[in-house]
Amino acid sequence: MKRLLNILFAGLLSAVAATSQAGTNRVTNEPDSVYLFSYSHRDGGGGLRFAWSADESKWFSVADGFSYVNSDFGPWGRAKKMFKPHLMQSRTDGRWHCVWSATETGKALAYVSSSDLQKWGRQSYFAPSDLDKFVPEDVYPTLAKTVLINGVEQDGWVQKVAYNTVGQLIRYAEHKRYRALQNAERMAQDPVRFVGLKPLQATVTVKAEAGKKISDHLIGIFFEDINYAADGGLYAELIQNRDFEYAPADRGNDRNWNSTHSWALADAGSATLNIETFSPLHPNNPHYAVLEVRSAPGAGLVNSGFDGIAVKEGARYDFSLFGKVLEGKGGKVVVKLLDTNGAVIGQSSVTISSKDWKQQKSVVTATADVPVASLAIYPQVAGKYALDMVSLFPQETFKGRKNGLRADLAQTLADLHPRFIRFPGGCVAHGDGVDNIYGWKGSIGPLESRKPLRNLWGYHQTRGLGYFEYFQYCEDIEAEPLPVLAAGVPCQNSGTCAHHSTDELTCMGQQGGIPMEEMDKYIQDVLDLIEYANGDARRTKWGKMRAEAGHPKPFNLKFIGIGNEDMITDVFEERFTLIYNAVREKHPEITVIGTVGPFYEGTDYEEGWELATHLGVPMVDEHYYVEPGWLIHNQDYYDRYDRNKPKVYLGEYASHVSGRHNNIETALTEALYLTSVERNGDVVSMTSYAPLLAKEGHTQWNPDLIYFNNTEVKPTVSYYVQQMYGQHSGSEYLPSVVSLDNQPDAVRKRVGVSVVKDKARGDYIVKLVNLLPVKVASRIRLEGVSLVDPSATKTLLTGEPQSKDAKPVTSPFEIGGEEFSYEMPPYSFTVIRIGQGEKK
């Protein structure tokens with residue numbers, strides 16, 4: 001240990017490396033070997049960088065400061081730091097080893113290794129006392145040095161390497177930058193890129209006899225409680241902080257975010273409001289309001305809702321609360337809906353007279369359309385009242401479900417025709433630290449017994465929209481349920497302490513995995529979820545609980561996700577393997593979906609695939625948010641996949657520009673890419689755009705598929721692409737050959753075609769995408785198809801690249817027979833659906 005610590009931090013060793021490091025394939029006027037300097041910025045940002053020198057005097061930046069590996073330790077983005085990286089090479093096998101301080105204090109170290117300084121393995125994090133476990137003893141000596149690079153002094157380590165090593169590093173960076181330029185291509189550049197381009201002619205020859213079966217679950221949706229998607233969104237509850245459980249920790253220790261948030265006193269001079277925890281309604285819901293009314297009527301409690309309470313004239317609303325009398329005899333309590341001027345627009349009453357908690361209910365009918373109303377509770381008798389779980393629920397919910405969903409939002413999702421719904425989230429599911437893992441059991445049962453949680457995205461989850469409601473909604477819209485559970489580790493970007501530890505290793509990153517002695521209990525929770533969904537209503541514990549909630553029949557769960565874009569560390573692998581093996585043993589009928597990190601490449605992606613292949617995981621969840629150019633230039637991404645390895649669920653993806661665009665440009669690149677996904681529907685089993693919902697004024701992430709406020713739902717252009725694919729899915733892919741009269745690569749990549757057959761209905765569906773600024777006159781030939789009395793519809797989505805308001809238009813389409821013509825407008829996505837009469 002002392003030897004390695006000296007290498008890392010004391011540092012004055014010889015910089016002479018063995019001649020075996022020298023390259024053999026060199027130009028005669030190039031040096032045999034050079035000095036390589038490894039460093040990072042002094043503020044910890046920017047990752048591992050290199051410079052080189054022939055004489056240790058003048059130093060040249062390698063690839064202009066390109067970062068070859070970044071630290072994954074700690075919470076989001078710039079909070080991930082790399083201090084004092086020390087690069088060493090093993091004498092035995094030539095492998096490179098890098099150790100750095102992951103925090104400014106140096107109490108947490110990080111380690112990673114590489115065979116070529118370009119492709120790096122999984123990272124490990126540990127205390128300095130464990131250094132010997134990671135760095136081998138046979139490393140070449142290095143020299144701590146301060147050098148001048150582009151006029152700036154940098155601290156780092158020097159060693160000799162073959163000159164060819166520097167060349168390889170430069171070529172790697174150049175390749176990455178070239179791909180980045182491709183990814184950054186924008187339609188705004190088209191007038192220059194395609195100057196003089198004339199309208200094109202295209203022939204599309206469909207080979208129906210070569211059709212192949214593809215997944216019938218290809219298009220689905222992913223719901224996560226981000227951007228106020230649940231409370232204040234899809235969940236129809238109109239009262240904010242109904243449980244008085246808001247806490248400063250929900251929002252980074254915001255003292256204004258507390259148990260009285262969204263509540264105010266009416267006639268504060270005649271009443272006081274306090275929060276107490278003695279003898280609560282339920283241990284999972286420990287806080288409640290104590291309203292002391294000294295003068296009645298007139299004093300009361302008012303809730304402002306989520307940006308106000310939107311009510312409709314004539315609509316009926318179910319009001320309820322739990323209450324008890326602490327002092328006095330109690331009595332009638334008037335409930336009023338008020339407009340912004342204080343005028344009453346609906347009124348009802350309940351009675352609170354018991355000394356024990358009791359639920360009271362009434363119905364309030366609104367007498368006017370008011371987008372920003374409030375709810376007021378006025379005791380008519382002076383006294384001291386305990387109040388909890390104050391609720392106002394529209395009777396008009398989706399499918400009329402009690403404790404249900406906002407009808408217009410739920411219908412907008414249903415109109416996508418999703419084949420599955422992934423829930424309850426990505427990062428939300430595995431939480432911000434071990435103590436914040438979602439825990440499905442806390443989301444079922446009576447509302448007052450559910451356990452609220454701090455939301456990783458910075459607000460409060462009542463979990464009124466819980467696992468039962470998710471399953472019920474899936475059934476209501478005929479979508480397969482796909483619950484996602486943590487793999488025994490929290491979000492890779494966690495920034496809070498596991499089990500309240502003050503140790504930096506457990507307060508950051510993934511080192512706060514569920515303790516191994518608690519994993520059996522956690523695994524049982526996973527198995528219990530399957531029983532809750534599918535278990536017999538009379539013979540199983542959790543099946544009985546489902547039946548008691550109102551659903552005796554099983555929910556027919558087929559899929560379960562374990563993990564969400566996790567770092568593939570030793571901590572993760574050990575826990576995931578335990579969970580996966582247990583589910584496979586007890587429930588071989590369930591398809592387990594693993595995880596391969598948050599990107600389409602890199603260490604987590606490769607290590608995740610290696611682990612899934614080794615374990616025989618049937619499907620993995622890939623995620624990538626990319627620029628439009630990436631989707632254009634990677635249409636062969638799944639063509640390269642091994643058909644014998646796990647299937648793919650593309651669980652989170654979107655086309656975006658600096659994270660904020662959702663227009664024709666980004667939507668059409670998604671449509672183009674999905675033609676290649678359908679082509680590979682034998683490998684890609686599921687896809688879902690993300691994020692799904694965002695409440696205006698409360699977004700933590702952009703872009704999103706659907707924006708909304710309290711009265712409006714605003715689908716985006718990307719929504720309509722998803723809808724066109726969802727409403728026109730197929731079960732068989734029919735290969736096609738596309739011949740263009742203009743063959744440059746840039747042109748060819750911007751015309752996409754996918755033809756599928758809906759075998760259940762016998763329809764043929766032709767999808768055509770044109771990302772060019774000119775029209776494409778196409779001739780479609782359906783070889784091997786005999787149409788009988790065909791009829792067709794055309795659904796067209798088109799507009800200028802920056803348009804955010806474009807919507808698809810459906811109209812009849814004449815095809816005549818197995819060969820027909822269609823002119824694709826510039827910047828367009830077209831779906832032609834061909835049905836036919838009965839064959840004679």
Side-chain angles (χ1 to χ4, degrees), residues 212-223 418-426 429-430 438 440 467 470-471 473-475 477-488 522-535 542 554-566 568 572-573 575-597 608-623 638 641-653 677 680-688 690 729 731:
K212 64 178 179 180
K213 182 180 179 181
I214 61 173
S215 170
D216 56 0
H217 294 97
L218 194 58
I219 304 297
I221 58 177
F222 162 42
F223 180 88
R419 302 307 192 269
F420 67 90
I421 302 177
R422 173 185 175 217
F423 61 86
H430 55 188
Y438 188 85
W440 72 272
Y467 261 70
Y470 286 123
F471 278 124
Y473 183 53
C474 290
E475 183 176 87
I477 66 173
E478 299 181 354
E480 298 283 358
L482 172 48
V484 178
L485 304 174
Y522 184 77
I523 291 169
Q524 190 59 52
D525 285 346
V526 177
L527 300 176
D528 289 345
L529 172 60
I530 299 172
E531 183 179 291
Y532 180 77
N534 294 349
W542 293 99
F555 282 117
N556 195 26
L557 177 68
K558 299 175 184 174
F559 304 93
I560 191 168
I562 303 297
N564 172 76
E565 60 182 39
D566 297 278
I568 311 301
F572 167 85
E573 180 176 342
R575 287 156 179 78
F576 175 86
T577 301
L578 288 173
I579 299 168
Y580 172 69
N581 287 337
V583 174
R584 182 176 59 176
E585 178 184 352
K586 298 290 186 181
H587 294 283
E589 77 281 6
I590 297 293
T591 297
V592 175
I593 302 176
T595 178
V596 292
W609 265 101
E610 182 178 336
L611 176 61
T613 303
H614 171 71
L615 294 176
V617 177
M619 194 182 303
V620 296
D621 179 14
E622 295 189 343
H623 294 180
Y638 292 113
Y641 273 44
D642 187 337
R643 265 55 187 168
N644 297 314
K645 288 190 175 182
K647 303 297 184 185
V648 173
Y649 166 35
L650 177 51
E652 295 185 34
Y653 75 98
V677 170
N680 289 284
D682 57 329
V683 170
V684 184
S685 297
M686 298 174 163
T687 67
S688 51
S729 292
S731 53

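Heavy atoms only: backbone and side chains are in, while hydrogens, waters and symmetry mates are out.
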* Residues in side-chain hydrogen bond (donor to acceptor under 3.5 Å, both in side chains) with E478, at least two apart? -> none

* To do: Please examine the side chains of I590 and K558, heavy atoms only from C-beta on, and report whether any two atoms are closer than 4.5 Å.
  => no

* Structure fact -> Heavy atoms of Y653 and S688 approach each other most closely as CD2-O, 3.5 Å

* Structure fact -> Sequence neighbours excluded, the answer for ring-ring contact (aromatic ring centres under 6.0 Å, His included) partners of F222 is none

* To do: Give a yes or no answer on whether the side chain of S215 reaches the backbone of S685 with a donor-acceptor pair at less than 3.5 Å.
  => yes

* Kindly compute the distance separating CG (L650) from CG (N680), expressed to the nearest 0.5 Å. => 11.5 Å

* Take V677 and T687, measure what side-chain contact (heavy atoms from CB on, under 4.5 Å) needs, and give me the verdict at the end. => CA-CA 9 Å; V677 170; T687 67; 3.8 Å; yes

* Asked: In chain order, what residues pass the side chain to side chain contact (heavy atoms under 4.5 Å, CB included) check against A429, with sequence neighbours excluded?
  -> P424

Side chains of residues 611-621: which donor-acceptor partners sit under 3.5 Å, not counting sequence neighbours?
unit_1 : atom_1 : unit_2 : atom_2 : d
T613   : OG1    : W609   : O      : 2.8
D621   : OD1    : H623   : NE2    : 3.0
D621   : OD1    : G651   : N      : 3.2
D621   : OD2    : R422   : NH2    : 3.4
D621   : OD2    : H623   : NE2    : 2.9

* Asked: In terms of the angle between their ring planes, are Y438 and Y467 parallel, tilted or perpendicular, with boundaries placed at 30° and 60°?
  -> tilted

* Can you see which heavy atom on E652 is nearest to which on N564, and at what distance? => OE2-OD1, 3.5 Å

* To do: Begin from the C-alpha positions of L529 and W542 and carry the test side-chain contact (heavy atoms from CB on, under 4.5 Å) through to its verdict.
  => CA-CA 8 Å; L529 172 60; W542 293 99; over 6 Å; no

* Asked: Are V648 and V683 side-chain neighbours, meaning at least one heavy-atom pair lies under 4.5 Å?
  -> yes

* **Distance in Å, L485 CG paired with W440 CH2, rounded so as to fall on 0.5 Å steps** => 9.5 Å

* side chain to side chain contact (heavy atoms under 4.5 Å, CB included) involving A582 - partner list, sequence neighbours excluded -> I523

* Search all heavy atoms of F559 against all heavy atoms of L557 and return the closest pair with its distance. => O-CD1, 3.0 Å

* To do: Kindly compute the distance separating CD1 (I562) from CZ (F576), expressed to the nearest 0.5 Å.
  => 7.0 Å

* Structure fact -> Contacts of F420 meeting ring-ring contact (aromatic ring centres under 6.0 Å, His included) (sequence neighbours excluded), chain-then-number -> Y649

* Structure fact -> Residues passing the side-chain hydrogen bond (donor to acceptor under 3.5 Å, both in side chains) test with K213, sequence neighbours excluded, are none

* Could I get the full list of side chain to side chain contact (heavy atoms under 4.5 Å, CB included) partners for N644, not counting sequence neighbours? => D642

* Asked: Is the count of non-hydrogen atoms from other residues, nucleotides or ligands lying under 6.0 Å from E610 atom CD greater than 12?
  -> no

* Structure fact -> Residues at least two apart in sequence or cross-chain that pass side-chain hydrogen bond (donor to acceptor under 3.5 Å, both in side chains) with K586, listed by chain then number, are none

* Structure fact -> Rounded to the nearest 0.5 angstrom, the CG-OG1 distance for L482 and T591 is 10.0 Å

* To do: Quick one: list whatever passes side-chain hydrogen bond (donor to acceptor under 3.5 Å, both in side chains) with E531, sequence neighbours left out.
  => none

* Is a side-chain donor or acceptor of S731 paired with a backbone partner of D216 at a separation under 3.5 angstrom? -> no

* Asked: Are the side chain of K647 and the backbone N or O of I593 linked by a donor-acceptor pair below 3.5 Å?
  -> no

* Structure fact -> Minimal heavy-atom distance between P554 and G535, with the atoms involved, is CG-O, 4.5 Å

* Which heavy atom in A479 sits nearest to a heavy atom in P418, and how many Å separate them? -> CB-O, 3.5 Å

* **Residue list, ring-ring contact (aromatic ring centres under 6.0 Å, His included) with Y638, at least two apart or on another chain** => Y641

* **Validation row: F423, C474 side chains within 4.5 angstrom (heavy atoms)** => yes

* **Heavy-atom closest pair, residues F471 and A533** => CZ-CB, 3.8 Å

* Please test I560 against V592 for side-chain contact (heavy atoms from CB on, under 4.5 Å), starting from the C-alpha separation and ending with a verdict. => CA-CA 5 Å; I560 191 168; V592 175; 4.1 Å; yes

* Quick one: sort the Y470 and F223 rings into parallel, tilted or perpendicular, breaks at 30° and 60°. => tilted

* To do: Using side chain to side chain contact (heavy atoms under 4.5 Å, CB included) as the criterion, list what pairs up with R419, not counting sequence neighbours.
  => H217, H417, S729

* Test side-chain contact (heavy atoms from CB on, under 4.5 Å) on V583 and V526 and set out the steps. => CA-CA 8 Å; V583 174; V526 177; 3.9 Å; yes

